[in-house]
Amino acid sequence: RIVKVNAQPYDARIFINGIDQGSNNSVVEIKKDASVTVEVRKVGFYTKSKTYHNRSGMDIPPIDDFISLSDRAMFVKTFPQYCSDIFCLI
């Protein structure tokens with residue numbers, strides 16, 4: 001089974017079973033009785049992942065799939081560490 005995965009934003013990285021496949025789109029081959037996990041990652045966004053199965057009794061994977069990263073992620077680190085979250089005198 002073959003699934004063509006398209007990712008958005010265009011420069012998001014596509015990983016198949018943990019291996020970087022590049023950005024924007026990738027072709028995923030799912031062998032009989034196997035599963036494949038696809039992750040789409042980009043700095044500043046939460047990672048999304050999907051697992052496709054090619055096994056009897058499981059949902060049939062789509063021919064084309066679109067994974068869009070829309071939830072932004074922001075991480076804040078204060079410096080120096082002893083500053084409060086609201087105020088720090090330097």
Side-chain angles (χ1 to χ4, degrees):
R1 184 77 178 173
I2 301 290
V3 178
K4 183 178 178 187
V5 175
N6 292 293
Q8 188 68 26
Y10 72 93
D11 58 346
R13 307 298 294 179
I14 298 173
F15 292 79
I16 298 174
N17 288 335
I19 299 170
D20 191 345
Q21 301 295 312
S23 59
N24 197 336
N25 61 58
S26 188
V27 175
V28 180
E29 180 182 358
I30 310 158
K31 297 185 181 197
K32 184 176 170 87
D33 295 323
S35 298
V36 173
T37 299
V38 175
E39 288 186 331
V40 177
R41 304 178 194 166
K42 182 176 178 178
V43 173
F45 291 85
Y46 287 104
T47 298
K48 282 191 179 177
S49 66
K50 287 189 174 183
T51 301
Y52 304 103
H53 307 279
N54 189 8
R55 302 170 190 259
S56 63
M58 305 288 288
D59 290 337
I60 297 172
I63 294 171
D64 294 302
D65 206 356
F66 181 75
I67 301 174
S68 178
L69 300 181
S70 56
D71 294 330
R72 295 278 185 160
M74 182 172 62
F75 303 95
V76 177
K77 184 174 183 178
T78 61
F79 179 81
Q81 292 178 342
Y82 53 82
C83 287
S84 71
D85 292 338
I86 299 171
F87 187 74
C88 183
L89 290 175
I90 297 179

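When a residue number appears, it is its place in the shown sequence, counting from 1.
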Report yes if some heavy atom in the side chain of [X] is under 4.5 Å from a heavy atom in the side chain of [Y]; otherwise report no.
X	Y	value
Pro62	Tyr52	yes
Ile67	Lys50	yes
Ile16	Ser26	yes
Tyr46	Ser70	no

How long is the span from the [atom1] atom in [X] to the [atom2] atom in [Y], to the nearest 0.5 Å?
X	Y	atom1	atom2	value
Ile14	Ile19	CD1	CD1	14.0 Å
Arg55	Ile60	CZ	CD1	15.0 Å
Glu29	Ile2	CD	CD1	4.5 Å

Taking all non-hydrogen atoms of both residues into account, name the closest pair between His53 and Ser35 and its distance. ND1-OG, 2.6 Å
On a heavy-atom basis, which atom in Arg1 and which in Pro61 lie closest, and how many Å separate them? NH2-O, 2.6 Å
For the side chain of [X] and the backbone of [Y], is there at least one donor-acceptor N/O pair under 3.5 Å apart?
X	Y	value
Lys42	Leu69	no
Glu39	Thr37	no
Asn54	Ile30	yes

Other residues, nucleotides and ligands only: do more than 12 of their heavy atoms fall within 6.0 Å of CG on Asp11? yes
The single option from Val27, Asp64, Val38, Asn25 that satisfies side-chain contact (heavy atoms from CB on, under 4.5 Å) with Val5 is Val38
Can a cation-pi geometry be assigned to Arg41 and Phe15, taking NZ or CZ under 6.0 Å from the six-membered ring centre and within 45° of the ring axis? yes
